[in-house]
Amino acid sequence: MEEVKEIVDTVTVELPNGGTQEVTDVVIQEVNHALLSAGMDEALADKVDNFVILLLIIGVALLANLICRKIILRTVAKLVKQTKATWDDIVFDHKVMVHVSRMVAPILIYLAIPIAFPEHADSNLLDFLRRLCLIYILAVFLRFISVFLSAVYHVYSEKEQYKDKPLKGLLQTAQVVLFFVGAIIIVSILIKQSPMVLLTGLGASAAILMLVFKDSIMGFVSGIQLSANNMLKVGDWIAMPKYGADGTVIEVTLNTVKVRNWDNTITTIPPYLLVSDSFQNWQGMRESGGRRVKRSINIDMTSVRFCTPEMLAKYRKIQLLKEYVETTEKVVKEYNKEHHIDNSVLVNGRRQTNLGVFRAYLTNYLKSLPTVNQDLTCMVRQLQPTETGIPMELYFFSASKDWIPYEGIQADVFDHVLAIIPEFDLRVFQNPSGADLRRIGVKIEN
């Protein structure tokens with residue numbers, strides 16, 4: 001600040017007689033002369049000329065700010081629109097340039113205020129006013145840097161190669177550091193101390209600072225881990241039932257991860273919980289060839305039996321079973337003949353069952369569907385029998401991964417399965433309903 005004062009004091013103008021005079025004296029004399037010409041008393045003119053110069057300085061500063069915003073900024077905006085480069089969209093963004101223009105007026109006032117009060121250039125009051133002006137300049141400059149970083153974030157967050165990066169968290173971290181350093185500099189200007197002195201004092205209270213910024217520090221570190229390990233990015237479908245999250249990630253910031261659930265509610269989760277706790281990311285399913293269907297139907301065990309010739313003849317008429325039934329029956333007959341099996345007793349030898357034929361039908365049926373991805377696992381299997389019957393599980397992957405078509409595909413499959421079961425002389429296990437109990441009551445009465 002002293003260096004600026006010295007520069008202003010040494011600026012001179014050339015007089016008509018060939019001599020020189022300091023610009024501050026020239027300005028005061030011209031203003032004083034103008035006041036006297038307007039009919040003002042000389043004593044009063046000597047008292048108010050400093051304030052008139054101050055008003056002129058403020059007016060010139062505001063005029064310069066107006067010119068920057070109304071003329072220069074609009075001209076720059078038109079020129080930027082005509083270019084195809086990306087960097088000028090960041091540097092000359094309207095919000096960025098507005099904050100630059102806001103620094104013009106206070107800088108002019110800061111530099112020119114000693115001209116208004118040359119006799120008080122060393123006074124504490126003028127020094128305090130200039131420090132306030134400098135603080136305002138610094139605050140506007142910090143805001144300019146913050147908006148500039150935000151412009152950089154908005155430009156790069158739309159690029160495909162940066163969509164999976166925690167740019168929002170990095171932006172917030174940079175802004176926190178920026179304003180923290182700015183606050184230290186502002187305080188140092190107010191108390192006329194070096195910023196290093198304040199930093200030295202803050203070093204002793206590092207534990208308190210760590211406690212205050214605990215969530216931000218943990219969020220920053222967790223954001224880096226989530227990105228480095230490719231665990232999470234905006235647009236992923238995640239499920240974290242413990243915290244009520246089941247939906248699409250819409251934002252990853254320094255302190256929170258926002259998830260829009262399927263019921264359109266928003267769940268916020270601290271990033272460090274995603275690192276320290278477990279969650280399910282469905283993005284791998286979306287990037288794969290299909291979405292898994294794993295459902296079962298319970299078959300009444302009392303309906304399972306050996307196939308009779310009449311049943312086999314019926315099954316041969318089913319297009320998806322004809323080849324299977326004939327091939328399997330040939331193998332069974334050859335085996336029984338080779339081992340001299342007495343076919344009069346069904347327990348002897350090998351026999352086809354209606355449940356086995358039904359399982360083969362389901363396998364062929366799934367492989368015939370265009371809505372089933374045939375490159376991924378596709379099978380029908382029996383699970384451990386329970387008191388509710390034999391679970392017959394269908395395990396396959398639908399070709400469509402979107403929710404609504406996926407639900408339609410598996411519904412169509414099981415509609416068909418439930419309708420075809422009686423054709424194999426099988427029954428679906430179901431707990432007795434009210435209608436079943438009424439039929440039992442009627443039979444008992446009869």
Side-chain angles (χ1 to χ4, degrees), residues 293-372 374 377-397 409-446:
V293 176
K294 183 183 178 183
R295 290 175 59 179
S296 59
I297 291 179
N298 290 338
I299 303 297
D300 189 345
M301 287 183 283
T302 60
S303 64
V304 180
R305 66 192 65 182
F306 289 118
C307 292
T308 63
E310 294 76 12
M311 294 170 64
L312 293 176
K314 176 183 175 181
Y315 299 154
R316 285 190 179 95
K317 296 179 181 180
I318 300 175
Q319 185 175 357
L320 294 176
L321 279 179
K322 181 179 180 181
E323 182 178 354
Y324 169 81
V325 172
E326 290 179 351
T327 303
T328 306
E329 190 63 17
K330 181 179 179 181
V331 172
V332 168
K333 288 181 178 180
E334 290 178 354
Y335 176 86
N336 292 340
K337 182 178 180 180
E338 181 180 350
H339 291 81
H340 307 289
I341 300 300
D342 182 7
N343 291 322
S344 61
V345 181
L346 293 179
V347 176
N348 295 331
R350 297 174 60 181
R351 300 284 187 276
Q352 294 193 66
T353 63
N354 58 347
L355 185 61
V357 175
F358 175 63
R359 179 164 49 83
Y361 171 82
L362 293 181
T363 302
N364 293 337
Y365 173 70
L366 291 178
K367 290 182 178 180
S368 68
L369 294 178
T371 54
V372 175
Q374 305 300 332
T377 304
C378 179
M379 65 176 178
V380 179
R381 60 175 182 169
Q382 289 185 28
L383 301 181
Q384 176 70 31
T386 65
E387 67 278 4
T388 58
I390 303 176
M392 186 68 72
E393 184 182 82
L394 280 69
Y395 188 105
F396 62 96
F397 289 81
I409 290 171
Q410 64 174 341
D412 289 342
V413 169
F414 281 88
D415 288 348
H416 180 80
V417 172
L418 289 171
I420 204 69
I421 284 177
E423 298 297 325
F424 293 88
D425 299 313
L426 293 169
R427 292 189 300 274
V428 177
F429 183 89
Q430 180 176 288
N431 289 327
S433 63
D436 297 326
L437 295 177
R438 281 195 296 271
R439 284 197 297 270
I440 294 174
V442 171
K443 289 181 178 180
I444 292 176
E445 289 177 359
N446 294 335

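Position 1 is the first residue of the sequence, and the numbers go up from there.
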Looking at Glu323, I want to see if its CD is surrounded by more than 12 non-hydrogen atoms of other residues, nucleotides or ligands under 6.0 Å.
no
Is a donor on one side and an acceptor on the other found under 3.5 Å between the side chain of [X] and the backbone of [Y]?
X	Y	result
Asn364	Leu320	yes
Asn298	Gln430	no
Asn348	Ile341	no
Gln374	Leu369	yes
Lys367	Cys378	no

From Phe396 atom CZ to Gln410 atom CD, the distance as rounded to the nearest 0.5 Å:
7.0 Å
Would you check if [X] and [Y] make a side-chain contact, meaning some heavy-atom pair closer than 4.5 Å?
X	Y	value
Glu423	Lys314	yes
Leu394	Val293	no
Lys317	Lys322	no
Val417	Phe358	yes
Arg427	Thr302	yes
Val304	Ile390	yes

Considering all heavy atoms of both residues, which atom of [X] and which atom of [Y] are nearest to each other, and what is their separation?
X	Y	value
Arg351	Asn336	NH1-ND2, 3.1 Å
Ser296	Glu393	CB-CA, 3.7 Å
Glu387	Phe429	O-CZ, 3.7 Å
Ser303	Asp300	OG-O, 2.6 Å

Which is it for Tyr365 and Ile420 under the side chain to side chain contact (heavy atoms under 4.5 Å, CB included) test, yes or no, and what are the steps along the way?
CA-CA 11 Å; Tyr365 173 70; Ile420 204 69; over 6 Å; no
With Ile299, the side chain to side chain contact (heavy atoms under 4.5 Å, CB included) member among Thr388, Ile421, Asn354
Ile421
Do Tyr324 and Tyr361 have ring centres separated by under 6.0 Å?
no
